[in-house]
Protein chains: 2
Amino acid sequence: MARVRLKDVAAACGVSPATVSLVLNEASDRIPATTIARVRAAADELGYTPNTVARSLRTRRTHTIGAVTDTLITTASSAPMVQGALDVAWRHDHLVLWLGTEDQPDHLRQAIASLVARQVDGFLVGAMYHRRLPFASLTQGIPTVGLNAVSDDPAAPCFVPDDFGAAHAAVRLLLDHGHRRIAHISEPHGDGLARQLRVDGFRAALSEAGLGEGRVLVPPHWHEGSGFAEELALRALDAPDRPTAIFAFNDIAAIGVYHAARRLGLSIPDDLSVVGFDDYVNVASELYPKLTTMALPHRRMGQLATEALLARLGVLDGEAPEGVTRVACPPVVRDSIAPPPRDR
Amino acid sequence: MARVRLKDVAAACGVSPATVSLVLNEASDRIPATTIARVRAAADELGYTPNTVARSLRTRRTHTIGAVTDTLITTASSAPMVQGALDVAWRHDHLVLWLGTEDQPDHLRQAIASLVARQVDGFLVGAMYHRRLPFASLTQGIPTVGLNAVSDDPAAPCFVPDDFGAAHAAVRLLLDHGHRRIAHISEPHGDGLARQLRVDGFRAALSEAGLGEGRVLVPPHWHEGSGFAEELALRALDAPDRPTAIFAFNDIAAIGVYHAARRLGLSIPDDLSVVGFDDYVNVASELYPKLTTMALPHRRMGQLATEALLARLGVLDGEAPEGVTRVACPPVVRDSIAPPPRDR
DNA sequence: TTGTATGCGTTATCAC
DNA sequence: GTGATAACGCATACAA
């Protein structure tokens with residue numbers, strides 16, 4: 001019942017353990033085909049699986065990636081990021097030890113330390129929303145890539161959404177439909193980097209179209225749910241010079257806009273066009289009318305970050321990009337945009 | 001730059017490696033306090049961290065749990081399950097290697113095999129929706145616990161939602177408000193176990209109330225999104241003897257009911273009460289009116305499963321329960337239930 | 001071409 | 001009380 005070891009395979013086909021090792025690792029090209037076949041057959045028959053911990057001790061490579069992220073649960077969008085990383089790692093014979101820090105102070109440091117003790121080959125340090133995370137000092141020289149997070153080390157490869165570009169594209173979508181009075185509902189100030197980038201993208205698109213600075217509505221402080229956006233939208237839409245389109249910071253804020261429109265008897269998209277951000281599962285696609293929004297490329301980011309890390313580890317060919325890479329956020333066009341109403 | 005090893009701290013304080021090991025593992029009570037202090041001090045000063053792979057090779061324990069689940073991404077609810085498992089494992093000095101199989105055939109077997117090669121101490125085999133998963137034969141005698149999945153080995157501990165009880169409770173909620181004509185919108189037949197259990201809970205509650213079998217609406221085949229439920233609800237609500245309340249299989253189906261009500265000019269909850277299931281993030285709480293629903297205890301299940309596994313591994317005291325444990329699904333009461341309209 | 005010897009960093013079983 | 005010493009399972013430089 002005990003697991004079969006290299007030694008057993010060697011004994012079974014009358015060669016030394018060294019030979020078996022050479023054959024199984026394809027480390028020597030000077031072994032006769034007959035022995036190779038014999039060894040392979042024996043290994044197969046006995047069901048030999050190398051003991052990776054012994055191998056790791058010897059090679060100083062665990063083929064394991066340590067991943068540390070803040071809480072996994074608050075945002076539904078985390079799963080694709082994880083899955084993307086898992087996939088790529090698995091495809092290249094690596095496994096990942098995942099740890100959620102739940103944002104407890106000092107937990108990040110502890111988590112990294114315990115992964116260092118496990119001899120992980122590299123680190124993925126991630127955040128569930130795009131922000132700055134000072135991790136360069138913690139990973140003790142082990143190759144590290146930021147995932148949805150920007151490092152304090154400017155050279156560290158980091159993969160984040162292109163919030164600016166996506167906001168710009170979202171506004172262009174509205175402009176192309178003929179809208180001229182477009183407002184942006186933002187989120188409260190915080191440590192997230194997306195807020196400012198989306199505001200900037202919004203403003204850039206408007207200003208390029210010769211429409212000035214644009215109107216940005218910012219809730220005074222953070223609230224759970226769409227309530228804050230609803231209030232903001234209500235006030236903006238109830239005024240004489242109301243916007244014909246709203247670009248919402250995210251899909252939740254867009255829900256607030258929908259609620260406000262309903263309360264005011266405005267029809268989307270006939271009276272008001274709306275664009276969201278994030279493409280939340282079961283949200284954007286289930287609103288009535290279905291919400292046009294910018295998708296966060298979480299899965300792609302997870303894949304890219306892991307590929308970059310594997311490149312730095314030498315298991316993949318090619319160079320890992322230095323510094324921050326912005327990943328495109330594709331638009332998901334649904335039913336919430338139409339040309340603006342003729343007159344008012 | 002090289003990491004400091006046990007040998008180094010032994011040399012630093014003039015004792016043998018064996019002694020250091022004994023001290024650091026508190027394995028002997030016959031070591032004088034002075035040596036203990038000396039060793040501790042040296043270890044601290046040098047920043048010694050045990051190499052866990054060497055330790056694992058020796059102790060045959062990796063303090064690592066292998067977790068295999070089908071795809072992580074299709075359901076948003078997966079993250080709490082993962083987080084719950086990670087938390088408990090971490091709290092007891094264990095780490096988890098997570099693998100998503102993406103439902104590719106044979107991938108489950110491969111995933112388990114590669115985790116076995118890593119010498120994981122135990123397995124968590126999970127599904128993202130409650131179903132049967134034949135994994136007992138794959139885990140090669142390594143302790144295994146099912147997470148949202150039922151094993152083919154009746155003795156294997158498995159943790160699943162109490163779908164029957166929750167459906168029963170949901171219907172009781174409606175009955176207590178005075179409803180008598182209650183319909184259930186189910187999902188199409190598939191390999192999920194929740195469907196039948198929720199139907200059974202629905203029927204049991206009605207029959208206990210002397211209301212017969214109840215009306216169960218089943219879509220003929222699977223569709224993405226809420227469309228199927230909308231059609232079903234539309235037909236039921238447009239008939240002369242329409243239900244005053246609908247218990248939906250899940251929150252997505254509940255959205256379909258909302259859409260149908262809107263199209264028919266029925267007001268929720270005044271004309272129609274609705275109860276959902278799953279408590280999807282950003283869905284149930286953002287509908288108008290906010291949806292009353294039964295929460296899936298994903299996080300709790302993740303925790304319980306991991307605790308059971310650790311108990312089987314001897315790192316936690318207590319026994320792991322044998323067989324299937326049903327975990328309660330707490331109701332989340334919001335605004336979608338009211339007494340039925342007086343007459344019609 | 002294959003086998004022998006040694007080391008990877010621990011823990012554990014002994015003597016001393 | 002403490003220190004040699006032998007595993008743990010594998011990889012590899014070198015010898016044969």
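Protein chains get the first letters and strands the later ones, always in sequence-line order, with residue 1 at the start of each. We use all heavy atoms of the structure for the numbers below, so side chains are in, but hydrogens, waters and symmetry mates are not.
For DNA chain D, the span of nucleotides reached by chain B at under 4.0 Å from its heavy atoms goes, 5' to 3', from D:dG1 to D:dG9.
The side chain of B:Ser21 contributes no N or O atom lying less than 4.0 Å from OP1 or OP2 of C:dT10.
Take A:Ser56 and apply the side-chain hydrogen bond (donor to acceptor under 3.5 Å, both in side chains) test, not counting sequence neighbours, and it matches no residue. When the side chain to side chain contact (heavy atoms under 4.5 Å, CB included) test is applied to A:Leu46, the partners found at least two apart in sequence or on another chain are A:Val4, A:Val9, A:Ala12. Under the rule for a side chain to side chain contact (heavy atoms under 4.5 Å, CB included), the partners of A:Ala305 that lie at least two apart in sequence or sit in another chain are A:Leu124, A:Val145, A:Leu147, A:Phe159. The side chain to side chain contact (heavy atoms under 4.5 Å, CB included) search around A:Leu22 returns A:Ala27, A:Ser28, A:Ile31, not counting sequence neighbours. Residues passing the salt bridge (charged side-chain N to carboxylate O under 4.0 Å, His left out) test with B:Glu26, sequence neighbours excluded: B:Arg40. For A:Asp162, the salt bridge (charged side-chain N to carboxylate O under 4.0 Å, His left out) test picks out no residue, with sequence neighbours left out. With sequence neighbours excluded, the residues that form a ring pair (Phe, Tyr, Trp, His ring centres under 6.0 Å) with A:His63 are A:His94.
Within the 4.0 angstrom heavy-atom criterion, only backbone atoms of the sugar-phosphate kind lie near A:Leu6; the bases stay farther away.
In the region residues 56-65 of chain B, proximity to DNA chain D at under 4.0 angstrom, judged on heavy atoms, holds for B:Leu57, B:Arg58, B:Arg60.
What separates CG of B:Asn25 from P of C:dA12 is a distance of 7 Å, to the nearest Å. Across the protein-nucleic acid pair, B:Asp8 atom CG and C:dC8 atom C1' stand 14 Å apart, rounded to whole Å. In this structure, the CZ atom of B:Arg55 is 8 Å from the P atom of C:dT10, given to the nearest Å.
Screening residues 305-319 of chain B for side-chain hydrogen bond (donor to acceptor under 3.5 Å, both in side chains), with sequence neighbours left out, gives no hits.
Using a 4.5 Å cut-off on side-chain heavy atoms (C-beta onward), B:Ile65 and B:Phe123 make no contact.
Although no hydrogens or angles enter the test, the distance criterion places a donor-acceptor pair under 3.5 Å between the side chain of A:Thr59 and the main chain of A:Arg55. At least one donor-acceptor pair closer than 3.5 Å links the side chain of A:Asp152 to the backbone N or O of A:Phe135. Side-chain N or O atoms of A:Thr144 include one that pairs as donor or acceptor with a backbone N or O of A:Ile142 at under 3.5 Å.
For the helix from C:dT1-D:dA16 to C:dC16-D:dG1, the angle separating the two terminal helix axes comes to 50°, with each axis derived from five pairs and the value rounded to 10°.
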Nucleotides 1-3 of chain C: which of its N/O atoms have a protein N/O under 3.5 Å away?
residue	atom	partner	partner atom	Å
C:dT1	O5'	A:Arg30	O	2.8
C:dT2	OP2	A:Thr35	OG1	3.1
C:dG3	OP2	A:Ser16	N	2.7
C:dG3	OP2	A:Ser16	OG	3.3
C:dG3	OP2	A:Thr19	OG1	2.8

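Side-chain N/O atoms of B:Asp70 and B:Thr101 include no donor and acceptor closer than 3.5 Å.
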